[in-house]
Every structure is written in C-alpha cells, then in structure tokens.
Amino acid sequence: MIEDILLKALGKIGIETDFVEVEIPRHEALGDISTPVAMLLSKKLRKSPALIAESIIAAIDAPDIFQTIERAGAGFINFRFKPSYLCDELRKLYSRESDYLRPNVGKGRKIQIEFVSANPTGPLHLGHGRGAALGAAVANLLSAAGFSVTKEFYVNDAGRQVKLLGESVFARYKTIANTPYDFPTDGYHGDYVEELAKGIHATYGDKFSLSGFDEVEVSQFFIAYSYTAMLSEIKKDLSDFGVEFDRWQSEKELFTDGTVTKAINALRGNGFIYEQDSAVWFKATAFGDEKDRVIIKTDGQYTYFASDIAYHILKLDRGFDEIINIWGADHHGYIPRIRAVIQAAGHDENKLVVLLVQMVMLLRGGVPVQMSKRAGEFVTLRDVTNEVGRDITRFIFLTRRPDSQLEFDMEAVKKESPENPVYYIQYAYARINSVFGKAQERNISLSFDDDINLSGLDSPEELQLIKKLIFYPTAFLTAVRTREPHRITFYLQELAGQFHPFYYKHRILDEAEPLTRARLMLCACVKIVIKEGLNILGVSTPDKM
RNA sequence: GCCCUCUUAGCUCAGUAGGAUAGAGCACAGGAUUCCUAAUCCUGGGGCCGCAGGUUCGAAUCCUGCAGGGGGCACCA
C-alpha cells in the first residue's frame, strides 16, 4: 500500500526498483510510518539524502492518505496518516475481514510440514510439545496466507527403538508370568512399559510365558502391540493439546511398499551410491556434507537414514513446493545430509526449510526438574498441561524464538498466572464480549455498515488502537515470510496493550449514539483481530473470564 | 579438536530486510474504581546489547577473532 505509493513516486523521479523499505518508527512522535529509502539511494545517485528525500516528497501524490510528510534526521521520510484514512482502513478491515487480514501470498502453493515425529516408544514430553505448538502455529499461519498446507507426523515404527520397546515390554510380561527374562540393555523403564505388559497378560494370559523374544512372531507381536498402543496415546496427547495431523507416514511402510528401494535406485542412477567395506554408502560429500553416509550396514540392515532419504524424496515427488521440517536442535548435524539427498535427487535444495527447536528446561520454583527418558523419569506434556493449562503452555512456547533455549518454570507460570500475557490478551477479548452483551441488552445494534460515521474516534488512544489494528497485515506478513509465529504473539500483546488503556479511559456505551456506535465498531475490530491471531497460535478465545 | 547455535534491564525474553534517543512482561516502589469485567489502568527507577577488532553515512543486527552456555561430530534413532 504505502510501498506502492513510494514506488510510484520513485518512478516519477526516474528510479526503478521493486522494493522499498518501510518501517514503523520507534517513537510515536516521529510519525506513523517512515522510510529510509533516501539514505539508501544516496550513494547510487551521488546526491545528499536530504535532497533525494525532498524530491521524493514532492513526487508523492496521495492527499487523501497523509496528513504530513516530513524529512527528518539523516534522511528519513516520515509520514503521518489522516484520521479519515485510518477510519477508511478500519471500515475495510471490518467489512472485508479475512481478505484484509489474510493477504494471499501463498497463492495455493503446496507446503508440507513435518513435526513432532516422536518415536512411539513413550509418552510425549515437553520438548515435543514445543515442536507441536510451533508446527501447528506455522501451519495455521501459512494456511491463512493462502498456502495449501499438509501436516505430517513421521512414525518411526521400524528399527531398533521400537524393537527395544517391544523387548522391554516382553521382559516385564515374563516377570508377570513368572518366567523371568533379562531386561534389555538400553531398554525402556517407564511405568507405561509395565502397563503395556499387564495389558497383554490380561488379554493373553500366560500364552507367551514359555516363548523367547527371538521367536519372530512373538517379537513382532510385542513390538507391534507396544508401539501401536504408544502411538494411539501420542495421538490422543496431541489431539488434547489441540494439534491435528493430515497424515501419519509410517516408516515401515516406506520399506514394504518399495519407496526406499526406489529412492536408492534413483540416487544410484544419478551416481551417488557406492559400495565399500561391504556396506552401501550415499555420497553426501558431493554436496558439501562432512562425510559420506552409510545407508545399508555390513549386516544388511538399512540405517534410519535410508528411510529418511526415501521419505524426503517422496515428499518432493508428491509435488510440494516447500517442505518444512521441525527438528530438535540436537538434530542440526543432520541438515547437510538431507540437503545433499535433495540435490542428488535433482531437486532444488531451497525447497527444504528446517526450523530448529531448542530444548525446554523444565523448572519448578527455579530448580531444574531432573529427567531421564531411559530411566523412565520424566514429566510428560500431559502432566504439564494438566497442571498449568493448555493455553498457557502453548502460548509460552510461542513467546520465544524457536531456536533459543526455553526455561519453563511451572511455579512461575502458575504464580504469574493472574497477569500472564495470555490472559491479558484473552481478557481483552472477554471484555469486549461483555460490552457487546450489555449493548444487546440496550438494543444497540452490533452490525456496522460501510458508511458508519467514525469521526468521533479522535482521541490518542483510539487513533493508536486503529493504527495497531490496520498494521496487523504487516505483522502477519513478516511472520509468514520468516515462518515465525511468535511475531503474532508479540503483536497481540501490543494490541491488547493498546486496547486496555482505551477501555479504561473511554466509556463505550454511555455516549451519544454515533460515538457509541463508532467505539463498538472499533471493539468489534479488536475482537476480530484477536480471534484471528489467537486462532493462528492455537490458543482459545473464551467469551467470559 | 572440528561444526552449529545462543549471550540484550535483577529475572524471562522481543527487537521487523543494517536505520533515528534500546523495547515488553515479571519483580520492585507509589498511585487510580459512585460508572460497560481491577485477570485492568497510571507513574517511577533501572542497560559497556558477552569482549575486541572490522565493513559504512549509520551495527544489538553483517564479517573476523576470543570468552561463556547448549547441542552435534555412529555401519543409533
């Protein structure tokens, strides 16, 4: 919008460019919006920024929009909007709602996002929750921006970890059946393992008491039973956390349906597979990885990497324009080899976007909570949401950049809860609802036409609130471009931070008719934007608090 | 040892594509409600943006080095 006006003005004075930087000044006193473009052009044009700024200002033709346009500082151009323009935009926001709030930059391009993908060997912990909250929010964000988004969970149902789980359950089962069996090294120790064993014993009795785990059908039964049970628990955890997936991709299936073989053959055809020391290797160094990687071990077994190759090639073959992986930061070393795979398969490596999520440090009153998955001692996602609530948990995860470590102090989060930022935003929403209820009791209409008179909205609080509202699309687009939903979180805190002072200082319902209606309309817009933002974050919007 | 990442107010963290005088919440101190929800509002103190160089009109932001936290360097997943 403003960019277009500037581009046009630049064209008038003979400057061709396709991007103009526009920003909101740090201090309100400087103006509503500002551009440093004159300074940036100074070197190229060999003229002083001041002179350039003046000629740009002279070339701008938008009398309906700007109250003032001034040159300031080292060569900034600062703009101040006319109140009438702000009101026009507010009307647009209200009447066009989703068109206004969701600029379609995706244009239907297909994005696949894979997240959580926890091994089905135990319940989800808090770190998975962070990945889940982020993945869901990124997916919501991109859908809102007009991308066609598919959410996937990759199920590691093949390989060593599920086998270990099966064997751990088998060992517990044998104990129950009074035919002891050595607990596997590195086995899983959690209570849930015990529960699974009890479940099997309850249904099948001593049927397997004389069997060994080396009997194929026995081990297969225990493995499949155990991970299937864990997977359905994970699904339930995620669903209760408000996170749904479009597709659950089984790793095992990639082997059985030939996807792995096909992918490896494709890479072999391109000359990136070779045999050495009786193992099969992928030539990752051809694309800058540190070393080549084994895909079939000396013992004939595939590595995890083999199925991962297949999955990533499959994703791209399915026609996605972008594939996003949300990984724990401990997997960052894995990125170069996946990028290598993508290039070796003849795809554009930039189609892969990896968002790294740092660990969550769980604290209680400032003291770290010790956790060891191996020993079965950990606080699950469910434990945390039960204690502090789902909205707070999701919100906290989205108030930090994903790649910075996060301290999650259960006591602090609960203690601060009356003034918790998530409540601050939800409260603004609930307050508006409450006012709307009162308005209805008084038979004041809550629908607003395009010609509603908003001229009464002239106080600093009102004008600032309107500005904040109509800048939502800007914040949204930044979040979309960077794939960073936390920008929405901060925007919403600022919006609520403009709303509450407005509410405190101004009566909404007891004014003369036009002003009351104008303020109700303003509130309606705040409500719309809060709902839009919280929906993206996956946080609820309670009508009452 | 090599690689990645982080270091901003007492604490937890933002900082928009290098821009103007460095931002929020919490905590702390004081104040506000005869009135639509006080889970609210107002005022205040608080900073060598880890350290040192460099790039330039301009650096918390980009580059190099150093220190500290976290992570990774498997024919594990």
Side-chain angles (χ1 to χ4, degrees), chain A residues 19 21-27 30 34-36 39-40 42-43 48-49 72-76 78 119 121 156 158-162 164 186 251 277-281 290-291 293-299 301-305 307-308 328-336 356 358-359 361 366 396 399-401 403-409 412 415-424 426-428 430-439 441-442 474-475 477-479 481-482 484 486-487 489-491 493-494 497 499-510 516 519 523 544-545:
Chain A
F19 173 75
E21 195 180 337
V22 170
E23 56 195 28
I24 299 168
R26 222 192 297 270
H27 302 283
L30 294 167
S34 151
T35 178
M39 288 181 285
L40 294 167
S42 159
K43 182 172 271 180
S48 78
F76 290 94
N78 294 334
N119 277 337
T121 54
N156 297 118
R160 201 175 105 90
Q161 298 308 316
V162 285
L164 261 177
D186 299 333
E251 179 189 9
D277 306 328
S278 49
V280 177
W281 299 71
E290 290 174 351
K291 51 180 87 165
R293 308 291 174 177
V294 170
I295 55 179
I296 303 176
K297 297 185 271 182
T298 314
D299 63 7
Q301 296 282 313
Y302 286 98
T303 61
Y304 171 85
F305 182 49
S307 46
D308 229 26
D330 55 339
H331 283 62
H332 76 262
Y334 216 76
I335 299 173
L356 293 178
Q358 273 288 357
M359 283 202 303
M361 283 265 297
I396 297 273
T399 49
R400 270 98 167 145
R401 281 196 348 266
D403 60 348
S404 68
Q405 286 152 242
L406 183 146
E407 287 191 19
F408 194 104
D409 191 317
K415 199 171 112 204
E416 289 173 16
S417 72
E419 289 166 27
N420 204 296
V422 66
Y423 292 134
Y424 186 74
Q426 288 177 325
Y427 185 52
R431 264 185 154 176
I432 292 169
N433 260 334
S434 169
V435 174
F436 281 9
K438 287 276 192 310
E441 284 170 22
R442 300 184 198 182
T474 305
L477 286 174
T478 303
R481 176 169 50 78
T482 57
E484 289 178 345
H486 74 270
R487 294 176 189 278
T489 313
F490 282 87
Y491 170 87
Q493 292 190 59
E494 288 164 11
F499 172 76
H500 288 301
F502 154 75
Y503 180 91
Y504 186 83
K505 280 177 198 155
H506 304 283
R507 296 286 304 171
I508 295 166
L509 293 179
D510 302 324
T516 284
R519 285 184 178 158
C523 288
K544 278 185 195 168
M545 288 176 73

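Sequence lines set the chain letters: A, B, ... in the order given, protein chains first and strands last, and positions in each chain run from 1. A quick note: this is a predicted structure, and the numbers were derived from the prediction, not measured.
- Taking the C1' atom of each, B/C13 and B/A17 are spaced 22 Å apart, rounded to whole Å.
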request  = Mark up nucleotides 2-10 of chain B, 5' to 3', with B wherever a protein heavy atom is under 4.0 angstrom from a base atom, S wherever such an atom reaches only the sugar-phosphate, and - elsewhere.
outcome  = --BSS----
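- Residue A/Lys297 places no side-chain N or O under 4.0 Å from the OP1 or OP2 atom of B/A74.
- Shown here are the ring-ring contact (aromatic ring centres under 6.0 Å, His included) partners of A/Tyr424, two or more places apart in sequence or in another chain: A/His500.
- Between A/Asp186 and A/Leu164, the shortest heavy-atom contact is O-CD1, 3.5 Å.
- Between B/A20 and B/G30, the distance separating the two C1' atoms is 33 Å to the nearest Å.
- Using a 4.0 Å heavy-atom cutoff across all strands shown, A/Arg293 reaches no nucleic acid atom at all.
- Side-chain atoms of A/Tyr504 come within donor-acceptor range of the base of B/A32, with a qualifying N/O pair under 3.5 Å.
- Put simply, the side chain of A/Asp299 gets close to the backbone of A/Gln301: a donor and an acceptor are under 3.5 Å apart.
- Residue-to-nucleotide contacts include no donor-acceptor pair under 3.5 Å from the side chain of A/Thr303 to the base of B/C75.
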inquiry  = Counting Watson-Crick and G-U wobble pairs with both distances under 3.5 Å, what is the dot-bracket string for RNA chain B, 5' to 3', using [ ] for crossing pairs and | for pairs to another strand?
reply    = (((((((..((((.....[...)))).(((((.......))))).....(((((..]....))))))))))))....
request  = Would you give a per-nucleotide map of nucleotides 20-25 of chain B, 5' to 3', where B means the base has a protein non-hydrogen atom under 4.0 Å away, S means only the sugar-phosphate does, and - means neither?
outcome  = BSSS--
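- A/Met545 pairs by the side chain to side chain contact (heavy atoms under 4.5 Å, CB included) definition with A/Tyr423, A/Gln426, A/Tyr427, A/Ala430, A/Pro542, not counting sequence neighbours.
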request  = I would like to know whether A/Lys438 and A/Asp510 meet salt bridge (charged side-chain N to carboxylate O under 4.0 Å, His left out); could you show each step before the answer?
outcome  = CA-CA 11 Å; A/Lys438 287 276 192 310; A/Asp510 302 324; over 6 Å; no
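- Counting only distance, with no hydrogens or angles, the side chain of A/Thr35 and the backbone of A/Glu21 share a donor-acceptor pair below 3.5 Å.
- Qualifying side chain to side chain contact (heavy atoms under 4.5 Å, CB included) partners for A/Ala158, counting only residues two or more places apart in sequence or in other chains: A/Glu251, A/Lys252, A/Phe255.
- Residue A/His486 is classed as a sugar-phosphate contact, given heavy-atom separations below 4.0 Å to backbone atoms only.
- Contact of the A/Ser307 side chain with the A/Tyr302 side chain is not registered, since no non-hydrogen atoms from C-beta on lie closer than 4.5 Å.
- Heavy atoms of A/Lys43 sit under 4.0 angstrom from primed sugar atoms or phosphate atoms, though from no base atom.
- Along RNA chain B, the nucleotide nearest A/Ala329 and the nucleotide nearest A/Ile296 are compared for position; the residue whose nucleotide lies closer to the 5' end is A/Ala329.
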